[in-house]
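Okay, so here's the structure we're looking at.
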2 protein chains.
Amino acid sequence: MAPETTGRKGAPKTLDQVAAATGYSRTTVRFVVTGQAEKHRIRPETRALIEDYVARHGLVVDHTARALKTRRSDAVGLVVPDLANAFFARLTAELEERCRASGRVLLTASSHEDAEREAQAVAGLLWRGVDGLVIAPCRAPEALRPALRGRRTAVVSVDRAYSDAPWPTVVGDNEAAAETLAGRLLAIAGGSIAFVGACPALPSVAGRIAGFRAAARAAALDRSETRLHLAERDEASEGARLMRAAITAHGAPKAVMCTSLLMLEGVFRALIDAFGRVPEDLVVGTFDHHPFLDAVPNRILAVRQDERGLAEAAFAHLIAQMDGGPREPIRVVVPGRLVDRPGPGVTAGSP
Amino acid sequence: MAPETTGRKGAPKTLDQVAAATGYSRTTVRFVVTGQAEKHRIRPETRALIEDYVARHGLVVDHTARALKTRRSDAVGLVVPDLANAFFARLTAELEERCRASGRVLLTASSHEDAEREAQAVAGLLWRGVDGLVIAPCRAPEALRPALRGRRTAVVSVDRAYSDAPWPTVVGDNEAAAETLAGRLLAIAGGSIAFVGACPALPSVAGRIAGFRAAARAAALDRSETRLHLAERDEASEGARLMRAAITAHGAPKAVMCTSLLMLEGVFRALIDAFGRVPEDLVVGTFDHHPFLDAVPNRILAVRQDERGLAEAAFAHLIAQMDGGPREPIRVVVPGRLVDRPGPGVTAGSP
DNA sequence: CTGTTAGCGCTTTCAA
DNA sequence: TTGAAAGCGCTAACAG
């Protein structure tokens with residue numbers, strides 16, 4: 001599968017050229033270069049001759065021609081909302097690693113949280129003939145079904161668990177994590193808490209909201225102490241807007257809980273704008289973690305998603321389908337990890 | 001170029017199928033579907049007939065077959081040290097955007113700052129027949145030359161200006177920026193400054209070191225006030241190790257200057273380990289910026305690289321080569337921007 | 001043990 | 001105006 005270029009000097013040859021040069025047929029040559037010499041009982045001297053020639057001149061089997069014939073590309077496509085987002089960047093890196101290890105390449109595409117672009121990205125990738133598709137969908141994937149109909153392309157959803165996905169879905173444990181997180185925040189701050197989130201229509205965010213509500217109920221807080229601030233777009237400016245409004249209306253809360261780092265970023269910005277700095281006694285909860293948060297003096301609890309685990313699971317299910325398995329609406333939950341004060345020596349950095 | 005699937009129902013047809021079904025030849029069909037009908041004076045009724053059929057059944061030209069024939073893949077490869085690194089993630093996102101807009105796809109690969117893996121990644125991408133290659137090389141690209149010899153694949157280096165690159169190189173203005181940055185740090189802190197860097201062998205880092213030294217000279221500081229701490233690997237743990245050693249030997253400096261966010265991350269960690277928090281009077285300088293740095297109370301100056309500008313320039317030169325231009329060892333410098341205290345309303349977040 | 005025969009679906013001459 | 005033919009380089013089935 002790998003570039004079989006044992007080549008030494010000059011342009012590496014094609015299979016046909018080797019056949020012509022050695023006087024054997026394509027088939028014979030192919031048997032020896034693909035290691036099927038034994039299996040087909042190629043005569044040792046023949047084999048030696050061909051191997052010698054290849055060692056001397058190099059050989060590289062044309063990937064495009066092979067793909068045309070076999071209808072396989074050894075490529076997998078990835079569609080995420082935004083590659084520059086730390087979570088997706090890490091997920092991408094992990095997937096890329098697994099692709100490389102298995103002789104595949106990863107084609108990346110961004111949807112920018114837009115259904116139309118997502119559809120285009122998927123169409124483009126399928127057109128390219130990717131064998132598999134990993135997608136963090138920005139809406140119910142029902143709409144993507146027609147494009148997949150009749151294809152054997154493997155598919156798996158990540159990060160967002162739309163219930164109608166007719167293929168495996170690999171996600172974090174949003175609701176449970178949110179409940180734990182909110183519970184801890186309330187225990188520490190003991191008072192009013194603002195929830196700042198984006199894209200409540202996303203299943204992941206919906207889960208986080210549900211978890212938050214559950215914790216609030218458990219703490220027997222009334223409405224005036226737990227406020228939900230929601231935006232339609234996951235952007236720092238939106239987070240800032242929400243937080244500004246919250247401050248104006250009710251003053252600074254004792255705690256905030258954000259659904260994403262971008263929201264948190266906006267929250268920080270609004271606080272700095274309003275108070276010149278982030279109030280030191282504010283307790284912060286967020287999804288996803290960033291090492292720099294450790295340098296912020298506030299108490300910060302973060303639910304760190306397990307990008308590696310997510311990639312691992314997604315890739316495994318992709319492979320299973322590519323190996324002939326069926327598309328099944330399986331749900332895989334990869335738990336995150338609640339990071340509180342990092343102890344000394346903790347390696348919170350890049351994995 | 002785009003997936004010409006105007007398809008409605010059922011599996012979209014191939015060119016040949018359309019030809020067979022309409023009773024015309026491949027050629028004729030191709031002329032009409034590629035919009036060359038006028039040019040070849042296809043009879044209007046013929047055209048209408050074919051267009052009608054296509055509108056009814058859909059048509060998708062097989063990308064693989066086309067690639068085999070034309071020897072073009074409409075794909076560009078990208079090799080970076082680490083996709084999960086914020087700077088490269090943004091660069092990747094910007095490149096991906098430009099690829100998409102021009103009907104191409106981006107294949108990503110990580111070298112993990114390892115020459116061998118880099119070479120493998122390049123070989124793999126070339127094998128795949130990418131039309132262009134963008135690479136942030138982790139060593140002098142001389143070694144990559146043989147693989148490119150005799151190919152018309154377009155190539156561009158980014159971020160790292162090895163002087164022997166026989167193709168365009170697009171980089172930030174490391175030395176000048178470092179000098180400015182160091183000068184400002186000294187002006188603010190007015191005293192001892194520690195330089196914490198990784199991979200001094202990289203041209204970008206070498207430039208930053210040179211800039212730092214120039215500023216130190218200009219400020220007439222002696223050796224005991226300006227110390228260079230260098231590691232071989234750009235990892236937070238290395239940054240922490242260097243900073244720990246620095247603290248042990250000379251106590252906390254008045255200012256630190258880091259060559260990367262990972263180093264800064266390590267510096268923060270070491271400081272927190274040593275003092276329980278980042279000393280508030282420490283002045284920090286760094287390359288690359290992250291919005292969360294705004295939430296750290298310290299005075300922080302960051303040289304924010306212009307990923308978009310870099311991507312733009314790199315892509316332009318790639319296109320130029322793909323359009324038949326020669327590989328030339330051009331050097332393009334895309335200046336960064338020194339970010340000091342963000343003013344109110346500044347959008348430091350994602351672009 | 002090795003070779004032949006068909007294509008994969010497209011582009012590209014060259015003819016008619 | 002339209003069509004036929006010749007591959008791109010490979011795989012896969014079937015003959016010897």
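Quantities reported herein were computed from a predicted structural model and do not represent experimental measurements. Below, chain A is the first sequence line, B the second, and so on; all start at residue 1.
Distance, B:Leu68 CG to D:dG9 P: 7 Å, rounded to whole Å. When the C1' atom of D:dC8 is taken as reference, atom CZ of B:Arg72 falls 14 Å away, rounded to whole Å. What separates CZ of A:Arg30 from C1' of D:dC10 is a distance of 8 Å, to the nearest Å. Rounded to whole angstrom, the span from the CG atom of A:Leu15 across to the P atom of C:dG3 amounts to 14 Å. What separates CG of A:Asp16 from P of C:dG3 is a distance of 13 Å, to the nearest Å. Rounded to whole Å, the distance from CZ on A:Arg47 to P on C:dT2 is 12 Å. We find that CD of B:Gln36 is positioned 14 Å from P of D:dT2, with the value rounded to whole Å. Between A:Trp127 atom CH2 and C:dG9 atom P there is a gap of 16 Å when expressed in whole angstrom units.
Between A:Leu133 and A:Trp167, every side-chain heavy-atom pair lies at or beyond the 4.5 Å cut-off. With a 4.5 Å cut-off on side-chain heavy atoms, A:Pro329 and A:Pro166 do not count as touching. With a 4.5 Å cut-off on side-chain heavy atoms, B:Asp114 and B:Gln120 do not count as touching. You'll find the side chain of A:Val334 stays beyond 4.5 Å of the side chain of A:Glu312, heavy atoms only. With contacts defined as side-chain heavy-atom distances shorter than 4.5 Å, the pair A:Asp16/A:Arg26 qualifies.
Among the nucleotides C:dG9, D:dC10, D:dT2, the one closest to any side-chain atom of A:Thr14 is D:dC10. Taking only side-chain atoms of A:Tyr24, from C-beta outward, the nucleotide of D:dT2, C:dC10, C:dG3 with the closest atom is C:dG3. Residue B:Arg26 places its side chain closer to C:dC10 than to any other of C:dC10, D:dC10, C:dC8.
Residue B:Thr27 places none of its side-chain N or O atoms closer than 4.0 Å to OP1 or OP2 of D:dT2. Phosphate contact (OP1/OP2 of C:dC1, side-chain N/O of A:Arg43, threshold under 4.0 Å): absent. Contact annotation: B:Thr70 side-chain N/O to C:dT11 OP1/OP2 distance is not under 4.0 Å. Close to D:dG9, at under 4.0 Å from its OP1 or OP2, lies no side-chain N or O of A:Thr64. Between B:Ser25 and the phosphate of D:dG3, there is a side-chain N or O to OP1/OP2 separation shorter than 4.0 Å. OP1 or OP2 of C:dC8 has not a single side-chain nitrogen or oxygen of A:Arg71 nearer than 4.0 Å.
At a threshold of 4.0 angstrom between heavy atoms, the contacts of B:Gly129 with the nucleic acid are absent.
Two residues, B:Ala65 and B:Ile42, neighbour DNA chain D, and the one matched to the more 5' nucleotide by heavy-atom proximity is B:Ile42.
Within 3.5 Å, no donor on the side chain of A:Lys69 pairs with an acceptor on the base of D:dG9, nor the reverse.
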